[in-house]
Amino acid sequence: MNRLVLYLAIFVTFLLDIGVLAVPTNGGRRMFRRHSRALLAERQEQELVCNGHAELCDRKYGNITFLGAHDSFAHSPNPFALSRTQEVNLTEQLNLGARLLQAQSHMNNGKLHFCHTSCGLFDGGSVADYLRTVKTWLDKNPNEVLTFIFTNPENVSVSEVWKPVFEETGMADLAYIPPQPVMGREDWPTLREFIQSGKRVVVFLDKGADNRTNPEREYILPQFKMVWEDPYNPTDASFPCSVDRTAGPLAPTDQMYLINHNLNFDILPFFHPGFKIPDRLNTPRTHGIYSIYTHAMNCAAIMNEKNPNFVLTDFTNVGQAMASVNFLNGFSA
């Protein structure tokens with residue numbers, strides 16, 4: 001739509017409103033105004049920016065790479081907090097470009113919390129408070145599509161614990177419900193479709209969401225039926241790739257996938273299973289474009305040359321993680 005024509009239509013509508021111009025009939029005036037509003041709506045739709053790039057609006061969710069924050073709740077500026085995985089808080093991770101938030105859950109005094117390994121080691125607070133923080137950010141950023149991948153090692157009830165938390169925080173109102181129980185990589189909507197529907201949060205749970213009684217009404221989705229992962233807690237900086245965790249019925253090549261690009265250091269290598277902590281010292285190199293691109297290509301080689309959907313990182317604020325994801329999406333780093 002020619003921009004000059006649009007501006008002219010808006011200007012003429014203004015003149016009609018103040019009575020400078022006259023249209024023969026009220027019906028003609030209403031028709032002209034409707035047409036002007038339609039032009040404006042079309043222009044706004046054309047100028048939509050989705051997750052920071054207009055070019056992503058009409059790309060399917062399953063064909064985009066998203067930056068992820070590993071154990072996003074476990075943030076601390078204290079370098080001696082060995083169980084931290086992030087240096088900056090949740091809001092800042094989102095501001096930096098993270099569009100996948102990952103977290104590990106545990107029950108703590110009867111409430112669902114996000115904790116690293118155990119709540120005694122690192123307690124990130126209640127899941128409800130976490131979701132409220134993210135909901136506040138999403139409300140201020142209406143053109144962003146976000147993914148959660150939460151782990152549920154204690155197999156806490158989805159219907160009795162997880163869903164009530166989503167509902168009380170208002171996050172359920174934004175959660176996407178797929179049209180079928182299992183979505184293949186090519187089945188997902190475009191980012192534009194997510195945003196225009198108002199359902200722009202995709203929620204995956206690693207355990208407990210498999211046996212859904214009403215899949216047409218469920219927004220907490222079984223991760224490994226739709227997203228596979230390569231080995232977690234990696235210590236090899238060359239990041240070899242293999243399918244580590246998945247579930248049927250889809251073949252891995254038909255699923256989306258996540259690469260665990262969060263390098264660890266084993267401080268007890270001679271004792272099985274050792275004790276791994278995030279390798280903060282080498283994070284600038286780990287988050288370099290070469291390292292992330294190499295990891296992605298290692299996996300693309302077994303995925304019919306498809307890029308990863310999620311790049312999961314520790315210390316998301318360090319290095320070139322976002323630039324690397326932009327590069328994988330076809331943008332200038």
Side-chain angles (χ1 to χ4, degrees), residues 68-94 98 100-139 146-175 201-213 217-224 229 232-233 245 260 262 264 267-268 273-278 280 312-316:
H70 175 230
D71 276 334
S72 51
F73 63 90
H75 54 83
S76 172
N78 182 2
F80 297 105
L82 298 182
S83 294
R84 69 173 185 159
T85 56
Q86 303 293 335
E87 289 182 341
V88 297
N89 65 34
L90 202 53
T91 300
E92 188 58 27
Q93 292 167 38
L94 290 164
L100 162 68
L101 298 178
Q102 189 269 354
Q104 181 183 125
S105 68
H106 293 273
M107 293 299 291
N108 186 20
N109 295 323
K111 290 187 176 182
L112 193 62
H113 278 223
F114 282 137
C115 302
H116 195 180
T117 306
S118 74
C119 293
L121 192 60
F122 195 113
D123 186 351
S126 72
V127 174
D129 286 344
Y130 176 102
L131 292 180
R132 288 189 187 99
T133 297
V134 179
K135 176 70 163 50
T136 297
W137 187 89
L138 285 168
D139 289 343
L146 181 69
T147 304
F148 291 129
I149 292 183
F150 295 151
T151 68
N152 188 25
E154 298 167 5
N155 205 17
V156 173
S157 171
V158 170
S159 60
E160 295 178 7
V161 180
W162 280 98
K163 287 185 70 174
V165 174
F166 271 79
E167 288 161 5
E168 74 173 78
T169 58
M171 191 62 76
D173 296 334
L174 298 178
V201 175
V202 182
V203 185
F204 292 112
L205 197 65
D206 74 332
K207 184 186 295 185
D210 298 85
N211 300 317
R212 295 171 292 163
T213 55
R217 299 174 57 188
E218 299 291 347
Y219 53 82
I220 298 181
L221 311 175
Q223 177 195 348
F224 294 123
E229 295 187 20
Y232 63 98
N233 288 342
R245 289 180 290 174
N260 282 291
N262 36 78
N264 292 267
I267 61 175
L268 296 173
F275 188 82
K276 298 175 183 177
I277 61 173
R280 173 62 180 85
L312 195 62
T313 61
D314 290 334
F315 310 115
T316 305

Exercise for review: Please examine the side chains of Ser105 and Cys115, heavy atoms only from C-beta on, and report whether any two atoms are closer than 4.5 Å.
Suggested key: no
Practice item. State, with a plain yes or no, whether a side-chain heavy atom of Asp71 is found less than 4.5 Å away from one of His116. Key: yes
Review point. Should Phe122 and Thr117 be marked as a side chain to side chain contact (heavy atoms under 4.5 Å, CB included) after you check the CA-CA gap, both sets of side-chain angles, and the distance that decides it?
Key: CA-CA 8 Å; Phe122 195 113; Thr117 306; over 6 Å; no
**Study point:** Step-by-step side chain to side chain contact (heavy atoms under 4.5 Å, CB included) determination, Leu94 to Leu138
**Key:** CA-CA 9 Å; Leu94 290 164; Leu138 285 168; over 6 Å; no
Exercise for review: Report the C-alpha distance between Asp123 and His113 in whole Å, list the side-chain angles of each, state the deciding distance to 0.1 Å, and finish with yes or no for side chain to side chain contact (heavy atoms under 4.5 Å, CB included).
Suggested key: CA-CA 7 Å; Asp123 186 351; His113 278 223; 2.9 Å; yes
Exercise for review: Take the angle between the ring planes of Phe150 and Trp162 and call it parallel below 30°, perpendicular above 60°, tilted in between.
Suggested key: parallel
Review point. Are side-chain heavy atoms of Asn262 and Leu312 found at a separation under 4.5 Å?
Key: yes
Point to revise | Val203 side chain reached by Leu221 side chain, heavy atoms, under 4.5 Å | key: no
Exercise for review: Determine the minimum heavy-atom distance between Gly124 and Phe73, stating which atoms define it.
Suggested key: CA-CD1, 3.7 Å
Check your understanding: What are the two closest heavy atoms between Val88 and Gln93, and how far apart are they?
Key -> O-NE2, 2.9 Å
Point to revise | Any side-chain heavy-atom pair of Thr91 and Thr133 under 4.5 Å | key: yes
Practice item. Determine, step by step, whether Trp137 and Leu146 satisfy the side chain to side chain contact (heavy atoms under 4.5 Å, CB included) criterion, reporting the C-alpha distance in whole Å, the side-chain angles of both residues, the deciding distance to 0.1 Å, and the verdict. Key: CA-CA 11 Å; Trp137 187 89; Leu146 181 69; 5.7 Å; no
Point to revise | Side-chain touch Ser72/Phe114, heavy atoms, less than 4.5 angstrom | key: no
Check your understanding: CG/Leu131 to CD/Glu168 distance, rounded to the nearest 0.5 angstrom?
Key -> 9.0 Å
Review point. Just checking, any donor-acceptor pair under 3.5 angstrom between side chains of His75 and Asn89?
Key: no
**Study point:** Flag for Gln223-Glu229: side-chain donor and acceptor within less than 3.5 Å
**Key:** yes
**Study point:** Asn109, CG: over 12 other non-hydrogen atoms inside 6.0 angstrom
**Key:** no
**Study point:** Non-hydrogen atoms of Gln102 and Tyr130 that approach each other most closely
**Key:** O-OH, 4.5 Å
Point to revise | Side chains of Met107 and Val156 in contact at under 4.5 Å (non-hydrogen atoms) | key: yes
Practice item. May I have the step-by-step check of side chain to side chain donor-acceptor pair (under 3.5 Å) for Thr316 and Gln86, ending in yes or no? Key: CA-CA 7 Å; Thr316 305; Gln86 303 293 335; 3.1 Å; yes
Point to revise | Sub-4.5 Å side-chain heavy-atom contact between Lys207 and Thr151 | key: no
